[in-house]
Amino acid sequence: MGLLTYLLTLPVAPVRAVTWVAQRVVDKAEEEYYDPAPIWRGLAELEQQLLSGEIDQDTFDREEDELLDRLDEIDEFRRQP
């Protein structure tokens with residue numbers, strides 16, 4: 001039965017291979033997009049810019065809010081089953 005199934009499904013093997021590769025690409029892209037490390041680095045850099053006087057408090061607040069929103073999005077994604 002296993003050999004017969006293998007022979008009958010052999011023509012769709014390239015489709016399965018492409019599907020498998022596409023899923024690996026999606027998984028890697030999600031892993032990178034939902035990685036909180038770059039967000040934390042961005043927050044640290046933002047604070048350094050504020051302390052060094054490169055940006056003002058309003059710019060800091062606006063950009064900090066954007067980064068914190070991204071962290072919330074990442075946290076929500078990681079909580080999904």
Side-chain angles (χ1 to χ4, degrees):
M1 190 68 164
L3 179 59
L4 182 59
T5 302
Y6 175 76
L7 291 174
L8 291 175
T9 59
L10 190 58
V12 294
V15 173
R16 284 190 301 219
V18 169
T19 302
W20 181 85
V21 169
Q23 186 59 51
R24 298 296 80 74
V25 170
V26 168
D27 291 345
K28 184 64 177 170
E30 282 182 346
E31 179 183 321
E32 288 180 17
Y33 182 76
Y34 291 109
D35 181 12
I39 307 301
W40 287 112
R41 281 192 300 274
L43 285 168
E45 290 171 11
L46 194 60
E47 184 177 17
Q48 286 299 321
Q49 289 174 345
L50 178 65
L51 295 175
S52 69
E54 294 176 39
I55 60 173
D56 62 4
Q57 186 67 43
D58 290 336
T59 303
F60 174 82
D61 291 340
R62 187 177 55 253
E63 292 184 20
E64 181 188 41
D65 286 343
E66 291 174 8
L67 291 171
L68 292 175
D69 287 345
R70 272 291 291 137
L71 280 176
D72 288 341
E73 180 184 351
I74 290 168
D75 186 49
E76 185 177 319
F77 176 81
R78 289 180 177 235
R79 288 182 187 203
Q80 294 175 358

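The residues of the chain are indexed from 1 along the displayed sequence. Just so you know, these numbers use all the heavy atoms, side chains as well, and skip hydrogens, waters and symmetry mates.
- Atom CD1 in Ile39 sits 6.0 Å away from atom CG in Leu71 (nearest 0.5 Å).
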Check against salt bridge (Lys or Arg N to Asp or Glu O under 4.0 Å), Glu31 and Lys28: CA-CA 5 Å; Glu31 179 183 321; Lys28 184 64 177 170; 3.7 Å; yes
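- Scanning for ring-ring contact (aromatic ring centres under 6.0 Å, His included) contacts around Tyr34 gives Phe77, with sequence neighbours left out.
- Look at Arg70 and Glu73 and you find a salt bridge, because one of the NZ, NE, NH1 or NH2 atoms lies within 4.0 Å of a carboxylate O, short of that distance.
- A salt bridge is absent between Arg78 and Asp75: the closest approach of a Lys/Arg side-chain nitrogen to an acidic carboxylate oxygen does not fall below 4.0 angstrom.
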For residues 58-66, please give each side-chain donor-acceptor pair under 3.5 Å, one per line with the distance, not counting sequence neighbours.
{"unit_1": "Thr59", "atom_1": "OG1", "unit_2": "Asp56", "atom_2": "OD1", "d": "2.6"}
{"unit_1": "Asp61", "atom_1": "OD1", "unit_2": "Gln57", "atom_2": "NE2", "d": "2.9"}

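- When every heavy atom of Gln49 is checked against every heavy atom of Ser52, the shortest pair comes out as O-OG, 3.2 Å.
- Taking a 6.0 Å sphere around CZ of Arg16, one finds it holds more than 12 heavy atoms contributed by other residues, nucleotides or ligands.
- Taken from CD1 in Ile74 to CG in Asp35, the straight-line distance is 7.0 Å, to the nearest 0.5 Å.
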